[in-house]
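One structure is given below, encoded as structure tokens.
Just so it is clear, the structure is predicted and the values come from calculations on it, not from any experiment. In what follows, chains are A, B, ... by sequence order, proteins preceding strands, each numbered from 1.
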Number of protein chains: 2
Amino acid sequence: MTAAGNHQASRPIGRRLERAGIRDVAAAAGVSITTVSDALNGKGRLPDATRRHVREVAERLGYRPSAAARTLRTGRSGLIGLTVTTYGEEPFTFTEFAYFAEMARAATSAALARGYALVILPASSRHDVWSNVALDGTVVIDPSDHDPVVMELVRQGVPVVSDGRPAGSLPVHAWVDNDHEEAVLGILDHLAAAGARRIGLLTGTSTDTYTRLSTTAYLQWCERVGQEPVYESYPAHDPCASAVAADRLLARPDRPDAVYGLFDPNGTDLLAAARRYGLRVPDDLLLVCCSESSVYASTEPPITTLSLKPGKIGTAVVQLLIDAIEGVGATHPVQQIMQTDLIVRTSSQRRTHRTTVSPPRSPAGG
Amino acid sequence: MTAAGNHQASRPIGRRLERAGIRDVAAAAGVSITTVSDALNGKGRLPDATRRHVREVAERLGYRPSAAARTLRTGRSGLIGLTVTTYGEEPFTFTEFAYFAEMARAATSAALARGYALVILPASSRHDVWSNVALDGTVVIDPSDHDPVVMELVRQGVPVVSDGRPAGSLPVHAWVDNDHEEAVLGILDHLAAAGARRIGLLTGTSTDTYTRLSTTAYLQWCERVGQEPVYESYPAHDPCASAVAADRLLARPDRPDAVYGLFDPNGTDLLAAARRYGLRVPDDLLLVCCSESSVYASTEPPITTLSLKPGKIGTAVVQLLIDAIEGVGATHPVQQIMQTDLIVRTSSQRRTHRTTVSPPRSPAGG
DNA sequence: TGATCTTGCAGAAACGTACCGTCTGAATGC
DNA sequence: GCATTCAGACGGTACGTTTCTGCAAGATCA
């Protein structure tokens, strides 16, 4: 009670000792608030002299516009959310680490280049955090069917773009994804061309779109070429389970002579398992895994990897989102398919020299 | 004057078709704005019945408080920045990838648990982005001496906590770091105990604190034990340079019989280089590198790594920052040293069995 | 019964900005 | 000399909250 009274009484001076407001700048420059606002934001009709003068005074006073006030007034915060799926309280899994890191890096860059900043918000966050931050739009990674967070955002009119084809009929404004089926078929063909007779798959037990599409493509391929499917599933979010599953796959009586692993750690784990069973790579076992990690360039032998190009996806997703925010883009959903990249290394190189490759005709001469 | 009149006259209906505001809730619930605010925020003196009623009406109208307005009023945004150093336009380097990803993950988690969200803001961002987001505080990773961003933040009264001992006398509120010197000395002793005669170092050319302290510690150790230093430096932010430097180190006439690599990719690159020179690990060459990557558990052979525990650091940094924001902590700078973790694997295990280790006396019995 | 406390709620003042609409004086056109 | 135009600047309001303060009406007490 007295506190407030004292407060007011003891402040006959300026309204703030702390920071200079736009009012202070206006007073110091001898112009109106409007003029200051216009001068600093490059709007209105002002002679350069005035503009310069105001800017100089603002600089001298160390004036920084209040982001909160601006956001309130304009309805734009300059923030976009990056929503990651969570497993057991922890944001993004170990498996998705390299993918996510690269994707986030690219997204951050792209957002920044257009004047936006990125906020990381796990999908399972406490609701109060979500509603406590003013988002101009959100990127959602791999949204699950009827994702409540996405539904709520859309209801509020916040643009949403997803990385990964949205399951069901989630009302996102746009999405970007790889053509996972084509990628898997390409790899299987590549392995078959390298001499594989029985190709195995290391896959996950979860039902996200990536896992589902990839597995289905594998099964289809098997059916087409008349091979019995050989695969092991494991909970991809468990960092230890990969090694166990890799071991199990190579321990089977119908052991495959080539394996494609859907997740990042599968490469090293398969390699370790192969070693335990005395299998040489690529002589006894061809290996490919989906990974963004560069370590596979230096393993013994180097392992062929499929890159999903998370950097390109992150950039594309942010561009689409900002277009939607700024009303540039189309009015109905946009989908964009990104190329994957198969980096062929020793682990999947043709080992049977049955087909005579003429040695003189090396790569490209030059 | 007429404008205002027209304005008011031509809007006899609601003020907004879009979102329900606190006013709408108040009207619908038949109470005042104050009561709504108090009811939803658990403040004031209200009977439970009123509170429930208001909450129910708010829910029914799909009311979401405006984060911007709340921020403007309270001066709290619930946002904390995570500033990363940049190299050539790109946020954080390849080298720091695993470290940063883990640190960011932990920081995100910790922030969230206390009701804050994290904004990623590269240090070299355009200034307008920085001033466009209202931050309650900022975490700075490895701030350079007299970092302009940090100086500006401090000037504005925004709490700053740094990961990594701040260079010079940067006025941060707190910092967290490993004891890099001790870590390096520990590793060198470990290698020496494993029979190393000449230990080499793979280090960086940049002048950040980590590199500097580690290198100095190495040189000191060499002087103490009377070994001639054997090291190669390379620009750590260049993803390709590591391999070249590793090769150079092992190509030297005074080739070391043990190497410690300060950066993440050094392990695989040293391994590859060793292979090229026909050196067996650990028989001919002992290897340790600083890395957060789990791939070193599955290389051939598995490589001993030093973990800086980025997760713990991320958590600690955020805790300190939020304490500072909420005025919980001490008034003067706090520093906190985090333990590092040496994960001993085959690559640095004693290879000469000159010292007879009694096999029965295994680790700790049980 | 009158004085004092407590409860339950409402009014209204900020918070700091952006922008719409308006005003002024000078230059221009006839 | 008067009407017209326009550059240059400004007043005022709204954005949607939180919170300080005030005020009735009932409860408690001497």
Is the shortest side-chain heavy-atom distance between [X] and [Y] below 4.5 Å?
X         : Y         : answer
Arg55(B)  : Glu59(B)  : no
Leu321(B) : Pro159(B) : yes
Arg114(A) : Ile325(A) : no
Arg155(A) : Arg64(B)  : yes

Rounding to a whole Å, what distance do you find between [X]:[atom1] and [N]:[atom2]?
X        : N       : atom1 : atom2 : answer
Arg76(A) : dA18(C) : CZ    : C1'   : 14 Å
Arg52(B) : dG8(C)  : CZ    : P     : 13 Å
Asp24(B) : dC15(D) : CG    : P     : 11 Å
Leu40(A) : dC19(C) : CG    : C1'   : 15 Å
Tyr63(B) : dG16(D) : OH    : C1'   : 7 Å
Ile22(A) : dC10(D) : CD1   : C1'   : 13 Å
Arg23(B) : dT17(D) : CZ    : C1'   : 9 Å
Asn41(A) : dT17(C) : CG    : C1'   : 9 Å

Taking the side chain of [X] as its heavy atoms from C-beta onward, which of [options] lies nearest to it?
X        : options                   : result
Leu46(B) : dC9(C), dG12(D), dG16(C)  : dC9(C)
Ser32(B) : dT19(D), dA10(C), dT17(C) : dA10(C)
Arg73(A) : dA10(C), dG16(C), dA18(C) : dA18(C)
Arg45(B) : dT7(C), dC15(D), dA9(D)   : dT7(C)
Thr35(A) : dC10(D), dA10(C), dG16(C) : dC10(D)

Requested in this report: Please tell me which of Gly30(A) and Pro65(B) maps to the more 5' nucleotide of DNA chain D, matching each residue to the nucleotide holding its nearest heavy atom.
Outcome: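 First, find each residue's nearest nucleotide; the 5'-ward one identifies Gly30(A).
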Query raised in the report: Which comes earlier along DNA chain D counting from the 5' end, the contact point of Leu72(B) or that of Lys43(B), where each point is its nearest nucleotide?
Result: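 Its nearest nucleotide lies further toward 5', so the answer is Leu72(B).
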Query - dT19(D) base / Thr34(B) side chain donor-acceptor hit below 3.5 Å - result: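 Between dT19(D) and Thr34(B), which were checked side chain against base, a qualifying N/O pair under 3.5 Å is present.
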Query raised in the report: Under 3.5 Å, is there an N or O donor on one side and an acceptor on the other linking the side chain of Thr50(B) and the base of dG8(C)?
Result: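 A donor-acceptor contact between them is absent.
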Query - Pair Thr35(B)-Ser32(B), side-chain donor/acceptor within less than 3.5 Å - result: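 Their side chains do contain a donor-acceptor pair, which is all the 3.5 Å distance test asks for.
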Report task. Report the residue (Asp38(B) or Ala69(B)) whose heavy-atom-nearest nucleotide on DNA chain C is the more 5′ of the two. Result ->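 Result: Asp38(B).
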Requested in this report: Report which part of the nucleic acid Ile33(B) touches: base, sugar-phosphate, or nothing (heavy-atom distance under 4.0 Å, all strands).
Outcome: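 Ile33(B): base contact, heavy atoms under 4.0 Å.
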